[in-house]
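Lettering of chains follows the sequences in order, A, B, ..., and the numbering in each one begins at 1.
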There are 2 protein chains.
Amino acid sequence: MTEPKIQDVARLAGVSPSSISNFLNNRMGQMRPDTQAKIQQAIEQLGYRPNNAARQLKTGVASMVGLLVPSLANQFFGALACAVETAAARHGCHVMTFSTFRDPDRERAVMADLLAYGVKGIVTGSALSDTEHLVAVTSRCPVVAFDIKRNDESHARIATISMDNAAATTLAVQHLVTLGHRAIALVTPPPYTLNRQERIRGFLQAVGAAGIAGELVIADATDGPSDPHGDTRLFELGRSAAARIVTAASRPTAAIAINDMMAIGIGVGLKQLGRRIPADISLIGIDDIFFCAAHDPPLTTLRQPIQAMADAAVQRILAPDEKPDGALFAPELIVRSSTATPPR
Amino acid sequence: MTEPKIQDVARLAGVSPSSISNFLNNRMGQMRPDTQAKIQQAIEQLGYRPNNAARQLKTGVASMVGLLVPSLANQFFGALACAVETAAARHGCHVMTFSTFRDPDRERAVMADLLAYGVKGIVTGSALSDTEHLVAVTSRCPVVAFDIKRNDESHARIATISMDNAAATTLAVQHLVTLGHRAIALVTPPPYTLNRQERIRGFLQAVGAAGIAGELVIADATDGPSDPHGDTRLFELGRSAAARIVTAASRPTAAIAINDMMAIGIGVGLKQLGRRIPADISLIGIDDIFFCAAHDPPLTTLRQPIQAMADAAVQRILAPDEKPDGALFAPELIVRSSTATPPR
DNA sequence: CTGTTAGCGCCTTCAT
DNA sequence: ATGAAGGCGCTAACAG
């Protein structure tokens with residue numbers, strides 16, 4: 001239970017602690033090979049590992065970046081966390097992840113915890129419930145946001161990573177139009193976030209450009225069970241929205257969901273209503289979470305390039321001098337089996 | 001970018017640093033209320049947060065536990081990470097999570113990283129690819145495993161948290177037998193882990209006790225794409241195993257999958273073969289991941305009490321003196337719509 | 001090329 | 001009830 005320290009290694013190797021330190025930090029510029037060998041052997045013999053706390057205290061920086069997500073139990077954010085971990089590893093960094101459960105107080109608290117750990121920067125995939133507070137954090141370390149509510153001047157110091165949300169819905173509409181659809185619905189929760197607003201804008205624009213009917217279905221259910229993990233709510237919202245798609249005035253033959261979770265809910269709702277997908281109605285999601293492939297039928301979707309986005313987010317923090325890797329990331333249309341030509 | 005330190009607070013509050021320290025550690029025994037108030041105000045005014053690295057260096061322990069999972073992109077382990085985070089929070093602890101991607105070298109490396117951070121203990125949900133190494137780690141800090149390959153004497157120092165795996169399959173069989181099934185298949189990858197062996201044992205035993213036919217389908221595909229995230233492989237294995245269920249000599253009218261991911265794959269495969277669930281064949285999974293509810297039809301499953309298990313794992317590390325909270329956790333049968341009476 | 005030294009920010013006796 | 005002092009393990013000058 002008592003770890004060997006740098007002095008123990010130095011003693012065993014017959015050199016001074018600073019040589020060990022140099023060795024550990026790859027400052028081998030002027031070190032004789034035999035010294036290196038001795039050090040290496042002493043380290044292994046003792047099973048020595050440098051104490052991160054001491055190192056951090058001395059250097060002032062941890063080799064950690066912080067990550068905030070609504071919940072790791074949410075498939076999308078689990079995948080995001082995985083991508084961020086991979087991205088950080090490329091820079092020799094570790095990731096400390098916190099779930100906020102969409103609780104503003106908890107969000108504030110874990111931000112403070114992250115700061116106390118001396119993280120090099122914070123990536124947040126959690127909605128910004130308290131903009132003021134987040135902005136304050138930027139004075140302590142770089143902050144990169146994946147989801148942002150507004151995009152005004154107060155966020156100048158918050159870097160934003162985003163897919164081209166308008167392009168996603170535009171591509172979806174174009175795919176559907178090519179298939180022959182003339183009336184399409186977009187199903188979304190209330191557009192509180194910029195992401196959603198952009199998706200709506202892209203939808204409206206594409207539908208207008210194609211000269212077809214666009215039906216906006218805002219699914220809002222305050223009666224649902226509270227949902228700290230963020231999965232259930234969207235799913236349920238989608239399921240209950242299915243009826244509104246079916247009864248919409250413009251008689252849509254296809255539905256675009258604000259994301260895959262909602263699409264899956266819509267799929268279940270539609271089937272309960274006796275509609276077949278895609279024979280009666282086509283369905284498209286956004287994100288490309290794993291279960292799109294397992295859905296019945298496999299779900300056509302617009303894939304978010306999560307790894308590329310995570311790479312960019314981490315790069316903004318750990319290598320801010322490199323060229324900012326693109327502003328908006330392009331969604332990729334993944335055609336599976338939930339879209340087809342409209343009935344009749 | 002430069003954090004206030006304890007001295008700054010002391011100066012502003014007009015007291016000594018140690019009073020601040022006492023305040024921070026709730027050693028308020030002899031402190032005058034007005035002093036406390038001054039300190040409190042100074043802290044808020046400066047936005048002061050104690051430096052974790054310094055605290056840890058001094059006290060020797062971090063308030064962190066480590067968590068190893070194959071990948072957070074895997075739904076089950078995302079949920080597990082979430083549960084562990086919640087459990088640790090109850091003890092005022094944070095969690096540092098690493099994905100191993102089932103790479104033994106990486107597993108070793110991140111274990112070492114965790115040790116270097118001075119974690120209080122390590123929870124591993126990753127298969128033990130290198131038992132020797134893990135055992136070595138137990139001399140540095142407590143280790144709790146969720147999934148273990150063997151259970152021999154060498155693991156005496158590794159605490160194990162497990163659902164009663166045999167009970168899960170037994171319950172599944174009993175549920176099916178009650179429904180009227182007389183021939184049941186268990187579909188599993190090769191039983192490399194104790195978990196799987198136990199599930200098989202429970203299955204065989206229950207099937208024998210009921211006097212019905214039990215078909216063991218070992219799905220083994222080395223030709224599949226490598227799958228660092230662990231989702232795809234099981235899904236694909238399930239899908240390709242569907243044909244073997246259908247053609248099995250005992251003509252099973254129901255299938256139990258080793259877990260939900262595989263069950264979902266089996267479901268897709270069965271449908272591709274033209275079989276309806278549950279009309280033609282019943283299907284049961286194990287775990288109760290979120291998508292069971294979204295599956296078509298909603299999947300009957302044996303729920304793992306993840307939160308209770310996470311609580312127990314964390315307790316073993318952070319409060320080892322309390323009574324060990326049960327050895328085996330009971331699975332809970334969640335009946336949805338994928339099971340019904342057999343055809344004819 | 002390697003050893004010596006002086007803290008990093010905090011906590012913990014021990015005095016006061 | 002509060003202040004002073006030493007050191008946790010490591011790194012980064014600077015000596016030698």
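- Whole-Å rounding puts the Ile20(A) CD1 to dC1(C) C1' distance at 14 Å.
- If you check every strand for non-hydrogen atoms under 4.0 Å, Phe23(B) touches nothing.
- Minimum atom distance to the side chain of Ser18(B) is reached by dT12(C), of the listed dT12(C), dG9(D), dT11(D).
- An OP1 or OP2 oxygen of dC10(D) is reached within less than 4.0 angstrom by a side-chain nitrogen or oxygen of Tyr48(A).
- Taking for each of Pro50(A) and Ser16(B) the nucleotide of DNA chain D with the nearest heavy atom, the 5'-most of the two is the partner of Ser16(B).
- Note: Met163(A) CE to Asn195(A) CG = 7.5 Å, rounded to the nearest 0.5 Å.
- Just one residue in the list Gln56(B), His94(B), Arg49(B) forms a side chain to side chain donor-acceptor pair (under 3.5 Å) with Tyr117(A), and that residue is His94(B).
- Put simply, the side chain of Arg106(A) reaches to within 4.5 Å of the side chain of Val110(A), judged on heavy atoms.
- Between the CZ atom of Arg55(B) and the P atom of dG9(D) there is a distance of 18 Å, given to the nearest Å.
- Between Ser21(A) and the phosphate of dA12(D), there is no side-chain N or O to OP1/OP2 separation shorter than 4.0 Å.
- Atom CZ of Arg11(A) is separated from atom P of dT2(C) by 19 Å (rounded to the nearest Å).
- Glu44(A) and Gln40(A) form a side-chain donor-acceptor contact under 3.5 Å, judged by distance and modelled atom types alone.
- Distances shown here put a side-chain N or O of Lys5(A) below 4.0 Å from the OP1 or OP2 atom of dG9(D).
- Each of Asn22(A) and Ala54(A) has a nearest nucleotide on DNA chain C; the 5'-most of these lies closest to Asn22(A).
- Comparing atom distances between the Arg32(A) side chain and each of dT11(D), dT2(C), dC11(C) picks out dT2(C) as nearest.
- Per the geometry, CG belonging to Asn51(A) stands 9 Å off C1' belonging to dC8(D), to the nearest Å.
- Looking at Phe98(A) and Met111(A), their side chains never come closer than 4.5 Å, going by heavy atoms from C-beta outward.
- With the nearest nucleotide of DNA chain D identified for both Leu57(B) and Val15(B), Val15(B) has the one nearer the 5' end.
- Atom CD of Gln7(A) is separated from atom P of dT4(C) by 10 Å (rounded to the nearest Å).
- Atom CE of Met28(B) is separated from atom P of dT2(D) by 12 Å (rounded to the nearest Å).
- In this structure, of dC11(C), dT2(D), dT11(D), it is dT11(D) that holds the atom nearest to the side chain of Leu24(A).
- In this structure, NZ of Lys58(A) is placed 11 Å from C1' of dG9(D), rounded to the nearest angstrom.
- If you take CD1 of Ile6(B) and C1' of dC8(C), they are 14 Å apart, rounded to a whole angstrom.
- Checking the phosphate oxygens (OP1, OP2) of dC1(C), no side-chain nitrogen or oxygen of Ser19(A) falls inside 4.0 Å.
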